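Ligands are counted one by one from 1 in listed order, and the atoms in each one are counted from 1 as well. Keep in mind that what you see is a predicted model, and the values were worked out from it rather than measured.
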Amino acid sequence: MFVPERGRVLVSGRFEPDERERIRTAAAGVPVDFVDGLGDRTDLLGTATVIAGTLSGEQLALAPAVRWVHSWAAGVNNDLAAGLDAHPAVLTSSAGNGAVPLAEHAMMLMLMLNRDAPRWARAQSERRWERFQHGELNGLTCGIIGLGNCGLDLAAKARAFHMRVVGVRRRTDLPSPGVDAVHPPEDLHRMLAESDFVVVTAPDTPATEHLLGEAELRAMKDTAYVVVVSRGGIVADGALLRALTEGWIAGAGLDAHGREPLPPDSPFWDLPNVIVTPHNGATTAATRRRGVDVFVENLERHARGRPLVNVVDKSAGY
Ligand code: OXD
């Protein structure tokens, strides 16, 4: 196998022509190959020194020359699980790219749950004029698990809806603008007990895996809702199912799921108090462009031998 001295960049995904051009220019003369998916051209994996995309464990094993992997995702739990956790290659993420649309999605789910929007959709499909009393977000408490890019943007949006905002984050020493009370993880139950909506925006890491189990869901008000927009693995599915069917909580809005795609026989599809969306909250052209911005900046830094941004701390998992 011939690996050019200056390396070779392999980029997977679908991009606009101008985005491809920006990537080529930033690579500063290092050859760039574009593929729709990394499984399409396994021969190119063998010569790539830089790979942008999501590698499976088998694909990683076919890429002995890779020194840097860039993930188009903000959350890198799948990349780490595919073997990058123990691999010498540097891993960078697109963290921040989908934060704003994901926070919009969380607001949408909160509004839909609070107003029982599916009831209007059902009535409309039957041409039925059905007026009913519904809630308002005004004055309710939004509890956010994970005050990173998405969590902090959600805090600003929830504030604009006159909600009280509380949150849990590991680094309570960091600024959390727009959050009325910031709790350390040890105080999670306190935050859960006071929230009308508990919104999960944290990454899936060893510290957050199944963070919301039976005890946590039971600590919530029975009128409260869970909204999950980052990773389903943070909620224990069995406990959530019981919470929803036994009335420990009022309902849930789920964009991220414990198993994806959500299997057709999953009970979550049918629950009347659950809104399911297919991990689709941040799938916008601007999210893709912002991911390209991060990669382009890093290619330029790489070409100049400068430190990369958005480098994943593999032991922390994000
Ligand atoms: C991501 C996601 O991590 O889409 O980028 O969930």
>> For atom 5 (O) of ligand 1, what is the closest protein heavy atom, and at what distance to 0.1 Å?
In response: Ala74 N, 2.7 Å
>> Regarding Asp293 and Arg22, does a basic nitrogen lie under 4.0 Å from an acidic carboxylate oxygen?
In response: yes
>> Show the atoms of ligand 1 that are less than 4.0 angstrom away from any heavy atom in Gly75.
In response: 1 (C), 3 (O)
> With no hydrogens and no angle check, is any side-chain donor or acceptor of Asn310 less than 3.5 Å from a backbone partner on Ala95?
Replying inline: yes
> When you measure from the side chain of Glu297 to the backbone N and O of Val294, does any donor-acceptor pair fall under 3.5 Å?
Replying inline: no
> Can an N or O of Arg231 be found at a distance shorter than 3.5 Å from an N or O of ligand 1?
Replying inline: yes
> How are the rings of Tyr225 and Phe197 set relative to one another: parallel (under 30°), tilted (30 to 60°) or perpendicular (over 60°)?
Replying inline: parallel
>> Under 4.0 Å from a heavy atom of His279: which atoms of ligand 1 are those, numbered in the order shown and with their elements?
In response: 2 (C), 4 (O), 6 (O)
